[in-house]
Amino acid sequence: MDYIRAFIVGGTICLIGQILMDKTSFTPARILVSFVTAGVILGAIGIYDPIVEYGKAGATVPLPGFGYALAKGAIKDVKEMGIIGAFTGGIKATAAGIAAAIFFGYLMAIIFNPRAKS
Amino acid sequence: MEKKMEEKLKKDFEKIVHKKNPTSKFVKDCVMAFVVGGLICDIGQFFMNTFLSLGIPKEDVSYYNAAVMVFLGAFLTGLGVYDDIGKHAGAGSIVPITGFSNSIVSPAMEFKREGYVFGVGAKMFVIAGPVLVYGISSSVIVGIIYYFLK
Amino acid sequence: MAEKKLGLQTVKLKNPPSIISTSSIVGPKESEGPLREYFDIKLEDDLFGEKSWEKAESKMVREAVRNAIEKAKLKPQDIDYYFGGDLLNQIISSSFAARELQIPFFGLYGACSTMTESLSLGAMNIDGGYSDYVVAATSSHFCSAERQFRFPLEHGNQRPPTSQWTVTGSGAAVLAKKGNGPYITYVTTGRVMDFGIKDANNMGAAMAPAAADTILRHFKDTGFDAKDYDLIITGDLGKVGRDLTVDLVFKNGYDISSNFTDCGVEIFDLENQDVHAGGSGCGCSAVVFCGYLYNQLLNKNLKKVLLISTGALLSPTSTMQGESIPGIAHGVTIERMG
């Protein structure tokens, strides 16, 4: 059941991205930016919680899930530490993903070379 | 072109081009994005369930999951597979966090020839940098608003 | 009016220079295309044994020029001038090749119109009596263009159907004061035209007005018509731009549809090679001319050709600042006499 729900929720989020790409002049970078920001906003006003509840990885793996984690983290730290939490919470909650991307990015760049497309 | 004709064509050109543009394989694109995006999320779900069954606390599972999915995206990029997936899947492989990873690894690899500091180090964020800038900034704003509304 | 000038934008060469040899080098994908048998050197490796795409592209230019000079049974020191350019920042492929070749060098930037720009200037230079031999050359490389203008190679982006595939290849032609032809007889220099296209994934549409304008100007200046030519061929408009050009020319009173095509459409198999609207890049018209067309002219399958290389004069900066894409197109008439 988890897998069907994740598939449908994740697939739908990607489908929205594809429609934006084909029907507007949205570049991939713009899609990433708007999806993360949308995730932050939806997370902050509580709309994304039920989606995560229902879709699990289908909601957390796509980039709005990254934005959702940022917003949740900021709110959590504000609750615990006051105003400074707004600055610590977001990155804390997403640190694993960001650090992994930087570290593995560097590692892959050392090991592999880009290849021509065919 | 005569001046008058040139001005007329220039005015109508957008319409003329629009008529001539090939119809994008819109339906096929959408199906591929949905299926591949869904599958990537299922892979995420599989790792999530695995970590939970290994007894990792629920609130930490998302950290493990993010790291593993990012690694997967990075590794497939290194192997030269991710761009082939992306060619067919479009947003289906851009929107998941593996796509975020791909957008960091691909410029890092590409600009290695410009050196490890200004090449790999600096160019790593040409595509993904804005995601962090806008994501983190808006989360800070959310935190501040929450502080005053609480 | 200037002695050799014809109409507004055309020059009639009094002593038409002869194209005495050409050379073409292409990458692996082009070697699988429909014109593969006409290319001199077919690379199996996009890196050409070098460490970077830029070095590989520069080596392609160097080898194409050397090979063309050798085929003409000349030495680099016999060549009076080298006219050339490419797409890379500060035209490094060409100037780095010129560093090795040590031929007096005029560096040109006309984006993908560089093949006919260099042929035009080289031909006028010889006709003017300033030289006996010149070489005209240009190049492009899929990988170096991609990283400069678009995305890193391994980035998982999706190309829209109007996008084109940059040709990996370099072409060089040696022009001489005397020779058995084919000859460059007319040169029509294009104006920069901009009909407001902003989509960098639709270069064919951005360049079509320039191509149409140069064709029309050429007809008006020379009095020629489509039927005076065996073939009218543009540089890298692709399928979208080719159809638009036929359309624009038709709206101005000329029908070129029966003997008109585009190098970008011919160099790849559009159905099976996943290149979307076709080939592009300086190398596109360069290798199609130096490979296929030159061969057809020598074998008398073609007698008179109007070659119009087309260029999109954008930069990554101008695109990001939201500027529209100006286009340019230069035409040269190449014909066999008798």
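Note on naming: letters A, B, ... go to the chains in the order of the sequence lines (proteins, then strands), and numbering restarts at 1 for each one.
With respect to chain A, the highest number of heavy-atom pairs below 4.5 Å among B:Asp42, B:Leu39, B:Ile40, B:Val140 belongs to B:Asp42. For the set A:Leu70, A:Thr88, A:Leu15, the count of heavy-atom pairs under 4.5 angstrom toward chain B peaks at A:Leu70. Ranked by non-hydrogen atom pairs under 4.5 Å with chain B, the options A:Ala6, A:Ala69, A:Gly55 are led by A:Ala6. Among B:Ala66, B:Ser101, B:Ala89, B:Gly92, the residue making the largest number of heavy-atom pairs under 4.5 Å with chain A is B:Gly92. Interface remark: of the candidates B:Pro107, B:Gly99, B:Gly119, B:Ala108, B:Ala108 forms the most heavy-atom pairs closer than 4.5 Å to chain A. Note on A:Cys14, A:Pro64, A:Ala100, A:Ala93: by heavy-atom pairs under 4.5 Å with chain B, the leading option is A:Cys14.
The shortest distance between side-chain heavy atoms of A:Asn113 and B:Lys112 falls below 4.5 Å. Residues B:Ile144 and A:Phe87 have side chains in contact (heavy-atom distance under 4.5 Å, counting atoms from C-beta outward). Looking at B:Val70 and A:Ile98, their side chains never come closer than 4.5 Å, going by heavy atoms from C-beta outward. Considering only heavy atoms from C-beta on, B:Val105 stays 4.5 Å or farther from A:Phe112 through its side chain. Looking only at side-chain heavy atoms (C-beta outward), A:Asp49 and A:Tyr68 come within less than 4.5 Å of each other. Side chains of A:Leu63 and A:Phe66 form a contact here, defined as non-hydrogen atoms less than 4.5 Å apart. Using a 4.5 Å cut-off on side-chain heavy atoms (C-beta onward), A:Thr27 and A:Arg30 make contact. Put simply, the side chain of A:Val78 does not reach to within 4.5 Å of the side chain of A:Ile83, judged on heavy atoms.
Looking at A:Ile31, only its side chain comes within 4.5 Å of chain B, counting heavy atoms on both sides. For B:Val131, the parts sitting under 4.5 Å from any heavy atom of chain A are the backbone and the side chain alike. Proximity to chain B is limited to the side chain of A:Val36, based on heavy atoms less than 4.5 angstrom apart. At a 4.5 Å heavy-atom cutoff, A:Lys72 makes no contact with chain B through either its backbone or its side chain. Residue contact with chain B, scored on non-hydrogen atoms closer than 4.5 Å, involves the backbone and the side chain of A:Ile102 alike. In this structure, chain B has a heavy atom under 4.5 Å from the side chain of A:Phe35, while its backbone stays farther away. Neither the backbone nor the side chain of B:Tyr64 comes within contact range of chain A; no heavy atoms are under 4.5 Å apart. For A:Ile110, the parts sitting under 4.5 Å from any heavy atom of chain B are the backbone and the side chain alike. Looking at B:Ile104, only its side chain comes within 4.5 Å of chain A, counting heavy atoms on both sides. For A:Tyr3, the parts sitting under 4.5 Å from any heavy atom of chain B are the backbone and the side chain alike. Proximity to chain A (any heavy atom under 4.5 Å) is shown, for B:Ala128, by neither the backbone nor the side chain. With a threshold of 4.5 angstrom between heavy atoms, B:Ser103 approaches chain A through side-chain atoms but not through N, CA, C or O. Contacts of B:Asn102 with chain A are absent, with no heavy-atom separation under 4.5 Å from either backbone or side chain. Using a 4.5 Å cut-off between heavy atoms, A:Ile91 contacts chain B through its side chain alone, with no backbone atom that close. Only the side chain of B:Leu132 comes within less than 4.5 Å of a heavy atom in chain A; its backbone stays farther off.
Here the shortest heavy-atom pairing between A:Pro62 and A:Ala57 reads CD-O, 3.7 Å.
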Salt bridge (charged side-chain N to carboxylate O under 4.0 Å, His left out) evaluation trace for B:Asp83 with B:Lys87: CA-CA 6 Å; B:Asp83 61 322; B:Lys87 193 166 76 178; over 6 Å; no
Chi angles and distances behind the ring-ring contact (aromatic ring centres under 6.0 Å, His included) call for A:Phe104, B:Phe75: CA-CA 8 Å; A:Phe104 292 130; B:Phe75 190 59; 9.7 Å; no
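Under 3.5 Å, the side chains of B:Tyr134 and A:Ser34 contain no donor-acceptor pair of N or O atoms.
Taking the six-membered ring where tryptophan is involved, the planes of A:Phe7 and B:Phe34 are perpendicular, since the angle between them exceeds 60° and thus also 30°.
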